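Atoms within each ligand, like the ligands themselves, are counted from 1 in listed order. These numbers were taken from a predicted model, which means no experiment stands behind them.
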Amino acid sequence: MDSFCRNIPKAELHLHIEGTLEPELMFELSRRNDIPLRFKTVDEVRAAYEFTGLQSFLDIYYEGAKVLVHEPDFYDLATAYFGRAAADGVRRVEMFFDPQTHMERGVSCETVVHGLFRACEDAQAKHGISAGLILCFLRHLSGEAAMQTLKEALPFKEKLLGVGLDSAEKGHPPTKFTEVFARARAEGLHAVAHAGEEGPPAYIRDALDLLKIERVDHGVRCLEDPALVARLKEGRIPLTVCPLSNVKLRVFDALEGHNLRALMDAGLLVSIHSDDPAYFGGYIGENFYATQKALDLSREEVRRLARNSFEACFLPDAQKRELRAEVDSFGS
Ligand code: ADE
Ligand code: ZN
């Protein structure tokens with residue numbers, strides 16, 4: 001079952017590339033760019049990864065990202081990630097990045113996008129993984145700052161797949177971002193948003209109604225609102241669920257208590273992803289395996305989750321069908 005979970009073809013649709021920064025690379029970039037860290041050793045960094053909730057994680061995540069400065073840094077980060085993804089059976093990646101985290105340190109949006117995009121091109125050639133970039137707005141900042149960021153990115157919008165919304169959810173409703181999402185959609189970009197991770201089901205509704213998102217990132221709190229569940233089911237609106245993240249950030253006390261099976265039983269289009277794997281103790285293969293074990297998922301249920309990941313992705317229908325067929329024939 002371990003190798004079935006690890007190797008089954010899958011799409012990674014909820015991954016923050018800054019959240020793949022392993023402590024070893026953090027130290028290497030710290031030396032390369034002469035940016036001091038408050039940690040002395042890799043073990044010390046890992047020991048600091050005990051979180052009480054989303055905000056306590058974000059504080060350390062934004063701190064780690066400070067070592068990323070030049071285009072090759074972003075390239076190296078994403079290239080290291082694709083190597084791990086390939087080992088986990090990943091065939092498609094739709095990757096989040098947070099340009100505002102870097103722009104406030106004087107790094108241009110273009111530097112970030114070019115470094116990541118080059119790594120995406122290489123991933124196709126080296127691993128046969130197709131990949132796209134989703135520019136996320138930081139929701140603790142203003143709607144105006146988000147619009148400014150989008151405008152800076154539009155000259156190279158052909159390198160982008162879509163826009164997303166992340167960072168601290170509580171107290172930062174989707175309402176703030178109605179305009180910037182409308183503009184992004186008018187520019188032909190896909191739209192997704194984190195909603196219902198720590199925030200209430202109303203934020204999922206608002207993200208659907210106001211931001212017109214095509215996919216909900218996390219969304220696990222939707223079960224508190226039966227009418228919302230019916231709407232998500234009816235519209236086959238995907239939820240990108242991150243089980244190990246949810247435990248690390250105390251959305252659930254333990255993997256055994258995760259509501260993934262309940263989401264599946266409700267007929268929702270859920271899939272498993274890794275969020276910030278360098279911080280949460282596992283990449284997508286580990287998320288599949290740990291969840292399979294904790295919830296005693298059958299092979300057919302694991303297969304359904306993998307198939308859902310391709311249904312939820314933004315590839316053209318013909319490619320999605322081919323990938324789903326690969327899942328169906330895998331291991332049988
Ligand atoms: N940024 C990185 N990981 C995140 C998460 N799980 N929720 C919101 N913002 C994030
Ligand atoms: Zn996330």
**Asked** Which residue owns the protein heavy atom closest to atom 4 (C) of ligand 1, what's the atom, and how far is it?
**Response** His16 NE2, 3.6 Å

**Prompt:** Looking only at heavy atoms of Gly19, does any of them come nearer than 4.0 Å to an atom of ligand 1?
**Reply:** no

**Prompt:** In Å and rounded to the nearest 0.5 Å, what is the CZ to SG distance from Arg231 to Cys222?
**Reply:** 12.0 Å

**Message:** Please determine whether any non-hydrogen atom of Asp217 lies less than 4.0 Å from an atom of ligand 1.
**Reply:** no

**Message:** With respect to Glu197, determine whether any N or O atom, backbone or side chain, lies less than 3.5 Å from an N or O atom of ligand 1.
**Reply:** yes

**Prompt:** Do the side chains of Lys66 and His102 get nearer than 4.5 Å, heavy atoms only?
**Reply:** no

**Message:** Within a 6.0 Å radius of atom CG on Asp59, are there more than 12 heavy atoms belonging to other residues, nucleotides or ligands?
**Reply:** yes

**Asked** Is the distance from the Zn ion (ligand 2) to the nearest N/O/S atom of His14 under 2.8 Å?
**Response** yes

**Asked** So, Arg139 versus Ser167: side-chain donor-acceptor pair below 3.5 Å or not?
**Response** no

**Prompt:** Which is the closest N/O/S atom of Asp275 when seen from the Zn ion (ligand 2)?
**Reply:** OD1

**Prompt:** Applying the 4.5 Å side-chain criterion to the ILVMFWY set and letting contacts propagate, would Leu133 and Tyr81 be lumped into a single cluster?
**Reply:** yes

**Asp276 N/O to ligand 1 N/O under 3.5 Å** = yes

**Request:** Write out the residue and atom name of the closest protein heavy atom to atom 6 (N) of ligand 1, then the distance separating them to 0.1 Å.
**Result:** Asp275 OD2, 2.6 Å

**Message:** Under a 4.0 angstrom heavy-atom cut-off, which atoms of ligand 1 come close to His218?
**Reply:** 6 (N)

**Item:** Residue Tyr61 vicinity, atoms of ligand 1 by number, heavy atom under 4.0 Å
**Value:** 1 (N), 2 (C)

**Prompt:** Are Asp2 and Lys293 ion-paired here, with the side-chain N under 4.0 Å from a carboxylate O?
**Reply:** no

**Request:** Mind reading off the angle at the Zn ion (ligand 2) between the NE2 atom of His194 and the NE2 atom of His16, rounded to 10°?
**Result:** 100°

**Asked** Touching ligand 1 at all, Phe57? Heavy atoms, strictly under 4.0 Å?
**Response** yes

**Prompt:** What do you reckon, is NZ of Lys170 surrounded by more than 12 foreign heavy atoms closer than 6.0 Å?
**Reply:** no

**Request:** Taking only Lys NZ, Arg NE, NH1 and NH2, and the carboxylate oxygens of Asp or Glu, determine whether Glu301 and Arg303 approach each other closer than 4.0 Å.
**Result:** no

**Item:** Per-residue contact class, Phe96 against ligand 1 - non-hydrogen pairs under 4.0 Å
**Value:** neither

**Message:** Side chain, backbone, both or neither: which applies to Asp98 and ligand 1 if a contact is any heavy-atom pair less than 4.0 Å apart?
**Reply:** neither

**Message:** Please list the nearest protein heavy atom to atom 9 (N) of ligand 1 with its residue and the distance rounded to 0.1 Å.
**Reply:** Ser167 N, 2.8 Å

**Message:** Counting neighbours of CD on Glu214 that are heavy atoms of other residues, nucleotides or ligands and sit closer than 6.0 Å, is the number greater than 12?
**Reply:** yes

**Fill in**
Separation between CG (Asn7) and CZ (Phe288), nearest 0.5 Å, reads 11.5 Å

**Request:** Below 4.0 angstrom from a heavy atom of Leu58, which ligand 1 atoms are there? Numbered from 1 as shown, please.
**Result:** 1 (N), 10 (C)

